[in-house]
Amino acid sequence: MTLRKGSNVWVDDKSSAWVAAQVTDFIGKQVQVVTEYGKKVLSLPEKLYPRDEEADHGGVDDMTKLTYLNEPGVLDNLQRRYGLNEIYTYTGSILIAVNPFTKLPHLYNVHMMEQYKGAPFGELSPHVFAVADASYRAMMSENQSQSILVSGESGAGKTETTKLIMQYLTYVGGRAAADDRTVEQQVLESNPLLEAFGNARTIRNDNSSRFGKFVEIQFDASGRISGAAIRTYLLERSRVVQLTDPERNYHCFYQLCASGMDAEKYKLGHPSDFHYLNQSKTYELDGVSNAEEYTKTRRAMDIVGISQEEQEAIFRTLAAILHLGNIEFSPGKEHDSSVIKDEKSRSHLQMAAKLFKCDVQLLVTTLCTRSIQTYEGIIIKALDCGAAVAGRDTLAKTVYAQLFDWLVEKINRSVGQDPDSLIQIGVLDIYGFECFKQNSFEQFCINFANEKLQQHFNEHVFKMEQEEYQKEAINWSYIEFIDNQDVLDLIEKKPIGVIALLDEACMFPKSTHETFTNKLFQNFPGHPRLEKAKFYETDFTISHYAGKVTYKTETFLDKNRDYVVVEHRNLLSSSECPFIADLFPSLGEESSRSSYKFSSVASRFKQQLQALMETLSTTEPHYIRCVKPNSLNRPQKFENVSILHQLRCGGVLEAVRISLAGYPTRRTYHEFIDRFGLIVLDMLDGSNDEKTITEKILQKLKLGNYQLGKTKVFLRAGQIGILDSRRAEILDLSAKQIQSRLRTFLARRDFISNRMAAIHLQSCCRGYIARNIYAALQEASAVIVIQKYVRQWIMRNAYLQLYASALLIQSCTRGFAARQKFLHRKENKAATIIQAHWRMCKIRSAFRHRHSNIIAIQCLWRRKMATREFRRLKKEANEAGALRLAKTKLERQLEDLTWRLQLEKKLRLSNEEAKLVEISKLNKTVESLILELDAAKLAAVNEVNKNAVLQRQLELYMKEKAALEREIFSVTELRNENTFLKSSLSALEEKNSALEHELIKGKEESTDTIAKLRAVEETCSQLQQNLKSMEEKLSNSEDENHILRQKALSATPRSNRPGFAKSFSDKFSGALALASADRKTSFESPTPTKMIAPLAQGFSDSRRAKLTSERQQENCEILSRCIKENLGFKDGKPVAACVIYRCLIHWHAFESERTAIFDFIIAEINEVLKVGDEDVTLPYWLSNASALLCLLQRNLRANGFFSTCSQRSGGVSALNGRVAQSLKSPLKFIGLEDGMSHMEARYPALLFKQQLTACVEKIFGLIRDNLKKEISPLLGLCIQAPKIQRVHGGKSTRSPGGIPQQAPSSQWDSIIKFLDSFLSRLRGNHVPSFFIRKLTTQVFSFINISLFNSLLLRRECCTFSNGEYVKSGLAELEKWIVNAKEEFAGTSWHELNYIRQAVGFLVIHQKRKKSLEEIRQDLCPALTTRQIYRISTMYWDDKYGTQSVSNEVVAQMREILNKDSQNLTSNSFLLDDDLSIPFLTEDIYMALPELDPSLMELPKFLSEYPSALLLIQHTK
């Protein structure tokens, strides 16, 4: 790797494994880097890995697309995707699943399974359903069995992933049609059953599988599930008797203790009371109820097929194991002997024997002694306390292991294996690689199994690499493949492998773990994979593919020995319980000679593993690696070190290593040129092809050992770094040139700006000096003018003061007399007004008191009358029924509202009258005040005139100054009186304004009262309308319900009981019977000959029956020809519907009690729909069927309705007038009563109308489904367009000199052509615009759903260029909608709301500046937060390289989604297709125009039939 200053690299870190950094300097042989946290680190160049600074914010869905495929790159990509809740990621064909530790229900619903069904692998976002679907499709297409290997450490989600795989296979496979058993349900329900008996809590996981499981799901030739089989491996038997805190025993023990009645029956209590459970203090799991889990386990047993007796025996056995563990021993009297310790232990012993149904003494003997068979006889050996406890634990482990094996075998028998099945899918759920502080025999076996699986995995990965190289036709023969065969030979090779040496040590009684370890190191003295432990001589270390693991050998020999104790088997085989006896069949004579029979656990596990590998070798494998993100089981917490260890253990990094051995970097030619084309800008003129340009780039940099394939270039490890380094150099040089040009521009701009500023400053200074000179001259001139005006003002002011004094003296003198007269007149007026108001108030009070008394008397009298009326109506309502009661209540409410309205009107009138009186009085008062004001003003004018006279007198009597001085005192008094008059005038004006304000307020109150009364009137009218509509609906429902009930009651007894008709005819007169018989005959044979009564009576019964049959056959032929032949349309109206309707009218079919003609019509229409061309037949019959339905709806009415209503409503005479008027015609409310004759329809006619309605809905649904099928491939081309563009270089390049290519529009043109064709077909068959509008709306809704779902599932669709592409297509669709007009398009444009808003979000710039509220309210108001989150995280700008929304917005949306997930209210982010019929029967005949069938010309072929001659003559 070439490093330079500024290079982006990864450097190792103890806490975070790897951390992003940037090269800053070179110090000797070391490189100085600065991490993203600002820390400076020195490292060797070979320990640094290149980092792609341009990596997508959301990561890549397939890690083979990473620019740098290395360990830190893989870890960083997983962390980016996990932060966005993208828990699935591909590495080629391998799926990595990171446990989210939270519920994501939107990822696993049925709609999501439907999306992945049949989708090519890699086309949609990574998902476990994609792997399951790929295996299923490969099995069906290649007819080869498949296998899915799920691995990972405890808590990584292996079991849940396996459940999801089986759930999906059940969804796509279902079950065989001939199989009555629910195989798929039994397979799924076997999971909780096996979890209860094989799963337990460990330190890392609350539901850890302590066994390996391989489920074979068998399929028949048609792809249906036909059977299943389950294999298990290495159950952890030691957990039954030995625990470490805080782990738990198997779940079934705790479930049984919490089972209630069953626990009491088996003498079980709290788990802390039992030795096998109280070794750990953890008895409960968070969020899990043991009682509920017990119920689920019972239900799973029922579904799997375990009988109640077997279930009872299973739980009895579990209880016996718990009681067995509480048996304690104490030393006996003899040496090395033991006895039962105390009474408590003895009670547990007796309970265990009772549950095992064996002899108590035999159980004691079995636990405390051993028998040895010799030539002299049987020797009984006593066991000490330690040996007795070990024997007790061995018995418990043996019983539990046999029980678990029986359960697996029972599940296999119950589910049933298909011996004829040739293909199957195997799902392997097995423990992952384990490395703890202390590793024992279980970890050794688990890691041995993982080594075998890793070898198989490496071979598969190398095979996939070879297939990729062969597909691209490149040379790959020299690539080396390194596997782990040496480790496998160390473990399993005979005769000196670890397992062979362990078995050899177990066969010798005196062997210990020290001798086993010494012999192991003696046989492998210098093996590179085997080491001695540093501090413990008896431990050994094996270098596995995932790292070194040190194993403690203290318990290796004991755990590998699986002795079969003869006494144990004999004890349990003698049990009286058949279930327990069957678990332990009797041994043969040879086996019974020895008390112990050795069996190696490791060898048996090795044989099972070999069988598993042979099975896997015959299948095509698929790999899922489950990863546990943190040890705290919390969401959104990513522990790098732990995950890196799991990636090593899961073989993911091993797959990366294999890829690095070949060509880890592979790019399509277009992607390569898009990134590195700037290295050879002179060749990007369009004259060279992409492969040539790629080769020139590599030759220019003198790179070797690369390969050019058919569509991709393959680079060795490190070469992409050289290319990036050269690219960075060119970009740096370009940046420097841009910077120099920018600096020149900035300097020149500053110089020009400074020069312009200096010029501007000089001009401002000169202007300032000139303005100062001008201001001084202006001030001098202004001073002279001011002095002139000041002198003039002083002189004028003195004159005006003298003039005002003279006027004041005159006005005061004359005003005094006038004021005295005015005050006297004012006092008289005020007294008169006070007396008038007092009398008015007294009279008004008496009137209001009398008025209130009258109203109270009226209310009491009306209440009395209403009570009487209510009692009478209540009595009548009880007779009329519940509906009449509701109607009476509504009428009473209406009367009440009417009375209240009248009362309000009266009150309003009285209030208005009072208001008018008050207003008139106020107006009179205002007028009087105005008159007074006018008088005052007139007096003032007179005073002014008098003042003028006084002024003249003043000029004449200037000499009488002394006399005037004597009157100064009187003038002062006059001045005071004048001031008082002014204040009085202002008070009068204020009073006037207050009266005007009260007048306005009174008018407003009057307006509010009028508005309230109008609202009451509107409410009353609305209630009247509701009452009227309810009466009409009541009449219609009573009509149809009564007729259907009457026909159902009358038709069935007559057909079943012939005696009923006889008694009925005997009861009535003969004339009535004859009339009814004649009418029945006319119905059965509706021809003109039936009008001739004497001739009909002359025929014999056989002749009449023959003629009736012939005419009915002839009628059926007429209808058949009308239905099968295309009679076309006349003036846009369907001929066939009119002819059929007129024939039925002519034959009196609607009045017939029993007829098969309607069933024949429906059957013929269905037959035509099946046989004919759907493009022509369906629109044609949609027009005819809807027209016929409208004719029936508008022209038919039920028979016997009015008579029935009159009989039933005889008791409610008070309501007859009003109800009868509303029930006069059931069709009056739609305006069809006037001018149209209604026929009375019988039960068959009403049933025919319902069948015809169903037929219309069926035809509409067929047309809609066909349209969706036709447009789906076209939409698929639009969806695949972005992918095709990138493959063929259609993506607009960011390299300099690149020519962006426009997106093809042929796909959208084909959709527009399809829409035009579909519209022309419907309009050509004169389909009503109502149906066209509904169909168009649903088609556009389907377009919206398909495009929107593809946007959320395909990352190549969630791009900027694809947003522009879809936006252009939506513009074409909008043009089509506008051209089609609202009559046919309806609200189609609104149906595209989701895709329009999503595309609008894709193509906007500066997404990072948008807040969440702006996105939700302005950009995407119709989209949910989950949908916006999905688009934001999947978006990538392939055109300009911009980023999606900010991290803050993503965090806000994630917080909202987490809350939704906790509340379990979140739905899928995908849209569901609505398959319902979007209209009702009433909508059809309300929307369709009226049709008169009598004006329609009959077809010519009717003249060929005698029964139609009268119809033709009637038409003429």
Side-chain angles (χ1 to χ4, degrees), residues 821-866 892-940 981-1025:
K821 185 177 181 180
F822 172 74
L823 288 174
H824 178 70
R825 188 178 296 172
K826 183 179 178 182
E827 289 175 355
N828 291 336
K829 184 71 173 179
T832 304
I833 292 173
I834 291 171
Q835 291 174 358
H837 278 280
W838 167 250
R839 296 187 187 99
M840 180 180 65
C841 180
K842 190 173 182 180
I843 294 171
R844 185 186 293 118
S845 175
F847 170 75
R848 286 180 177 174
H849 181 69
R850 182 177 298 176
H851 185 263
S852 61
N853 291 338
I854 291 171
I855 291 174
I857 293 170
Q858 290 176 349
C859 291
L860 291 172
W861 174 254
R862 291 191 185 99
R863 185 179 68 179
K864 182 177 180 180
M865 297 302 293
R892 188 173 62 188
Q893 292 177 1
L894 179 60
E895 291 175 357
D896 189 16
L897 290 173
T898 305
W899 176 80
R900 289 175 60 187
L901 178 62
Q902 292 174 356
L903 182 60
E904 289 289 340
K905 287 182 178 180
K906 290 180 180 179
L907 292 175
R908 183 181 67 179
L909 292 175
S910 62
N911 290 334
E912 287 179 354
E913 290 176 357
K915 293 286 184 180
L916 290 174
V917 172
E918 291 180 2
I919 290 170
S920 63
K921 291 180 180 179
L922 291 174
N923 288 334
K924 290 179 181 178
T925 305
V926 171
E927 289 175 358
S928 63
L929 292 175
I930 290 173
L931 290 174
E932 293 176 1
L933 182 62
D934 292 340
K937 289 181 179 179
L938 183 59
L981 287 174
K982 288 181 180 179
S983 62
S984 300
L985 181 61
S986 62
L988 288 173
E989 290 178 351
E990 291 177 357
K991 186 175 182 181
N992 186 20
S993 62
L995 291 173
E996 290 179 351
H997 181 69
E998 290 182 0
L999 178 61
I1000 294 171
K1001 187 176 180 181
K1003 290 181 178 180
E1004 291 177 354
E1005 292 178 354
S1006 177
T1007 305
D1008 294 340
T1009 306
I1010 293 172
K1012 291 180 181 179
L1013 290 173
R1014 288 177 179 173
V1016 171
E1017 289 178 353
E1018 291 176 358
T1019 305
C1020 182
S1021 62
Q1022 186 177 2
L1023 289 172
Q1024 288 177 347
Q1025 293 176 0

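Quick caveat, the model's predicted, so the values are computed rather than measured.
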Say you draw a straight line from [atom1] of [X] to [atom2] of [Y]; how long is it, rounded to the nearest 0.5 Å?
| X | Y | atom1 | atom2 | value |
| --- | --- | --- | --- | --- |
| Ile930 | Lys937 | CD1 | NZ | 9.5 Å |
| Lys915 | Leu922 | NZ | CG | 10.0 Å |
| Arg908 | Glu913 | CZ | CD | 11.5 Å |
| Lys905 | Arg900 | NZ | CZ | 14.0 Å |
| Leu938 | Leu933 | CG | CG | 11.5 Å |

Check: residues 848-864 side-chain donor-acceptor pairs under 3.5 Å, at least two apart:
residue: His849; atom: NE2; partner: Asn853; partner atom: ND2; Å: 3.4
residue: Ser852; atom: OG; partner: Arg848; partner atom: O; Å: 3.3
residue: Ser852; atom: OG; partner: His849; partner atom: O; Å: 2.7
residue: Asn853; atom: ND2; partner: His849; partner atom: O; Å: 3.3

Short side-chain to backbone donor-acceptor contact, Asp896 and Arg892, under 3.5 Å: no
Measure from the side-chain N and O atoms of Ser845 to the backbone N and O of Lys842, and report whether any donor-acceptor pair falls under 3.5 Å. no
Should [X] and [Y] count as side-chain neighbours, where that means a heavy-atom distance under 4.5 Å?
| X | Y | value |
| --- | --- | --- |
| Lys829 | Arg825 | no |
| Trp838 | Ile834 | no |
| His824 | Asn828 | yes |

